[in-house]
Amino acid sequence: MSVAVPVPALGQLTYSVPDALPLPCAGARVVVPIGPRTLTGVVLGEAAAVDTAFTIKPIRQLIDTEPFVPADVVKLTQWVSDYYLAGAGATVASALPPQGLTARADRFKTVRVACLTAAGIDMAERLRAHSACAADGPRLGKRQAEALQLLSGAPGGLSAPALTERGLGAATLSRLKANGLIAIREERLDRDPFVHAVSTPPAVDLRAATPEQRQALEQLLPLAAMNAFKVALVHGVTGSGKTEVYLRLAEAVRQSGRGVLMLVPEIALTPQVASLFRARFGEAVAIQHSGLSDGERHDQWHRIRRGEVDVVVGTRSAVFAPLANPGLLIVDEEHDTSYKQDETPRYHGRDVAIMRGKFANALVVLGSATPTMETYTNALEGRYVLVTLEKRVLDRPLAEVSVVNMREEIAEAGEDVVLSRPLIAALGTRLEQKDQSLILLNRRGFATAIICRQCSATLECPNCSISLTVHSRNSGWVGRCHYCNFQKTVSNTCEKCAAPYMERVGFGTERVEAEVRKHFPNARVARVDRDTVRRKGSLVEMLAKVARREVDILIGTQMIAKGHDFPDVTLVGVISADVGLGLADFRSNERTFQLLTQVAGRAGRGERRGQAIIQSLLPSHYAITLACTQDYRRFYDAEIKYRRAMRYPPQIAMVNVVVRGRTFEDAMNAARDLADAARGDKGFALLGPAPAPLTKLRGEHRAQFFLKGTNRRVMREALQLAVSRKPALAKRISIDVDPLSML
Ligand code: ADP
Ligand code: ZN
């Protein structure tokens, strides 16, 4: 038998099945010996040809006679292992409930439920008849009589917390129990993640679909009914009502008896989507994301596995949810980079969803206003069905977008200018009109670096090759590394030359907040970025405050650009729209276009028309001008030419290999060895090795190389072979197939 245990470093393991045990099925849990330990793992299937040089140990114990992890999910994890060159241990862990493999009852939260015994029912009857304490039988206190009466109206019993709420505590219950009038049982209580939901689900709203939504459904419903593998791209401008299309499609698939799996980038950022699904489908929805407690996730996982839900809404990892017979998989905002996992297994949730759809003969729907180059190319070349929504619902116009050339602002107001004159004026108007505004800057902190004006020394992280970001604290300035979280207080004196001339350069969201407060001291200002939303639930609270109109101006990083639907936001300002354009990443144009289009899409979603003001030092860059006209197709046409000319994805596929070492030499030599072992095959180009953009990260030095080619399989096999020839390097290598970030 081939078995995977959830230990990232381990691959597939082979065990024999003792005669006393039945043959385990794929997905069943088994207890197996590993060295001196015994661990619980999952059966993947029959083992491939067995190398008899090794002694094969027998399975110790078989826990399930039916699959614990559904067989198609087991197959999916194996596909992920192969495609992304990740160990079976790492991938199987993705498909397991958060609290592990052993089904211990105490992982479920339980609650005590009281109900009447036969004697209790009898007594309650008599109480009602005499409406006073009966003379015969045990004497009851007032509380006990009250409890009996309550319970007689609840044949299924009442939970201890519900009784306590009515002032009927443990003492009352134990007296009733001692007299044989009630019985108390322990019941499983599923923790409900909707307790944290930002808004209570609105009442089910059966509004008519718009003509465009109807057209989209006329294309999609027949595809869903085919019970065959199909991929469709719903390309709809921001505010075109894609969610309503998903909801109606989901309803149809559910009616046909198949399950629905909907992936969203980050639930905390798009709480409305989860709430809308909950409002439409009620208890039939389960929710899976990292913002839930382990307990909540565990309970949700088991609800799905027990078949109690038809619809799962969740983030990336929910693609492995144990949902039986999925007929529809939706990937909302398919361009979002949070679908890519940045640790092993480095899978892309969208691509795994497509494979799951393929295994399940299901319809996969990808949705976005700004699809990735990869997805749109697939649609244009006919591999995906293209469904387009060109207009906003109710004929609301897209925001009016303008660019402010920051060179002119700098000439007027100096190098240090953060808010341009047009943006300040527009913010002022919104405050007068009592409309809300969003300001985006995709960079945290107060200043991006600190530099000595005498000797030019900068303050670098001791563990990473990057300068510390300056944050302002009540106590003064703090320098922090955004990669490893190293931090130290920053003084005005240079550590190198002792001159008191340390200067903060560049700016981030904290500085924008300070400037906005300076200009508008009476405005209610809030900021959301990773520094302000560390605490679980705080982002949800903040967004809820915006929704309740308790905030006039919200400042934030790309977190505020995602699918929120705030009808009273009529102005969006973008500071330094070109932040990303300077980066040595071939996707930086695409990222910038997506971010600007998405954030402009947050404005004017209500009755009043929206306005977006984009500040940039490169106002004529095509990623910026085409975001202004929100012309996706012209951006795609320009960008695909560049990708083809430069041989970048989607023209070809790439694999990135990073090799770590104690010194830079060490990393570079090892990378050279590995690259040489992988070279030779004619099916791809090998670029590098070279220093990684972050040559030092968390104290480790890093070198990298790329494979570029049209056949992923050839590249994977060459790498696999190279790694197997250099087993000593295995622990120092990270392989990223279809890397999303070049940095
Ligand atoms: P998208 O995801 O395409 O940006 P949404 O799904 O958030 O757009 O919809 C935008 C807005 O339009 C939401 O406020 C939504 O409630 C509203 N809406 C969607 N469909 C309809 C409809 N058929 N009639 C009226 N309003 C709608
Ligand atoms: Zn660091």
Side-chain angles (χ1 to χ4, degrees), residues 199 201-217 233-250 262 264-265 269-277 279-280 330-336 365-371 387-399 445 449 458-469 478-488 547 561-569 572 594 597-608 610 630 632 692-702:
S199 48
V204 178
D205 174 6
L206 287 180
R207 59 193 165 197
T210 64
E212 273 200 328
Q213 284 171 336
R214 244 182 292 131
Q215 253 175 30
L217 286 162
L233 167 63
V234 176
H235 176 214
V237 296
T238 55
S240 57
K242 294 184 284 294
T243 316
E244 185 66 31
V245 174
Y246 305 150
L247 284 165
R248 286 171 190 243
L249 196 56
M262 161 115 166
V264 293
L269 296 176
T270 50
Q272 283 126 330
V273 176
S275 299
L276 283 169
F277 269 76
R280 226 29 100 81
I330 301 169
V331 183
D332 190 23
E333 312 289 1
E334 69 86 31
H335 63 276
D336 198 286
V365 172
L366 314 179
S368 176
T370 52
V387 178
T388 312
L389 298 166
E390 286 176 350
K391 292 202 288 270
R392 279 192 164 177
V393 294
L394 309 176
D395 285 324
R396 283 175 193 150
L398 284 167
T458 58
L459 217 54
E460 298 247 324
C461 173
N463 311 316
C464 310
S465 51
I466 196 106
S467 82
L468 298 180
T469 301
V478 176
R480 202 166 70 221
C481 172
H482 284 180
Y483 290 89
C484 73
N485 265 332
F486 169 85
Q487 72 182 45
K488 71 193 271 184
K562 307 213 173 174
H564 317 295
D565 192 25
F566 299 129
D568 292 316
V569 169
V572 166
Q594 282 165 352
T597 309
Q598 291 288 344
V599 74
R602 299 310 115 215
R605 293 168 74 88
E607 318 264 280
R608 278 145 299 150
Q630 301 181 55
Y632 176 83
L694 266 172
T695 48
K696 201 174 153 202
L697 182 63
R698 297 183 195 97
E700 286 179 312
H701 294 264
R702 302 156 82 239

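What you see below is based on every heavy atom in this structure, not just the backbone, and it leaves out hydrogens, waters and symmetry mates. Start at 1 and go down the list; that is how both ligands and their atoms are numbered.
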Under 3.5 Å, side chain of Arg392 to main-chain N/O of Thr238, donor-acceptor pair present? yes
Answer yes or no: is there a side-chain heavy-atom contact under 4.5 Å between Arg248 and Gln213? no
Side-chain heavy atoms of Gln594 within contact of Asp336, under 4.5 Å: no
Ignoring water, what protein N, O or S atoms are under 2.8 Å from the Zn ion (ligand 2)? Cys461 SG, Cys464 SG, Cys481 SG, Cys484 SG
Pull out every atom of ligand 1 sitting under 4.0 Å from any heavy atom of Thr238, numbered as shown with elements. 4 (O)
Where's the contact between Ala369 and ligand 1, heavy-atom distance under 4.0 Å: side chain, backbone, both or neither? neither
So for Ser240, does at least one of its heavy atoms come nearer than 4.0 angstrom to any atom of ligand 1? yes
Measuring from non-hydrogen atoms of Ala208 to any atom of ligand 1, is the shortest distance under 4.0 Å? yes
Checking Thr210 side chain against Val393 main chain: does a donor-acceptor pair fall under 3.5 Å? no
Minimal non-hydrogen separation, Tyr483 against Leu694, with atom names: CE2-CD1, 3.3 Å
Would you say ligand 1 has an N or O under 3.5 Å from any N or O of Thr243? yes
Heavy-atom side-chain proximity of Tyr632 to Pro371 below 4.5 angstrom: yes
Main-chain N/O of Lys391 paired to Glu212 side chain as donor or acceptor, under 3.5 Å: yes
Counting only nitrogen or oxygen atoms and a 3.5 angstrom limit, does Glu244 reach ligand 1? no
Indicate, as side chain, backbone, both or neither, the part of Arg392 found under 4.0 angstrom from ligand 1 when only non-hydrogen atoms are considered. neither
Is there a side-chain contact between Leu366 and His235 in this structure, where contact means two heavy atoms from C-beta onward sitting under 4.5 Å apart? no
Val393, Leu389, Thr210: member with heavy atom nearest to atom 12 (O) of ligand 1: Val393
Atoms in ligand 1 flagged as close to Val237, the criterion being non-hydrogen separation under 4.0 Å: 3 (O)
Measuring only between side-chain heavy atoms, which start at C-beta, is Asn463 closer than 4.5 Å to Lys696? no
Any sub-3.5 Å donor-acceptor pair from Ser368's side-chain atoms to Thr370's backbone N or O? yes
What I'd like to find out is whether the side chain of Leu217 reaches to under 4.5 Å of the side chain of Val245, using heavy atoms alone. yes
Please indicate whether any nitrogen or oxygen in Gly239 is less than 3.5 Å from any nitrogen or oxygen in ligand 1. yes
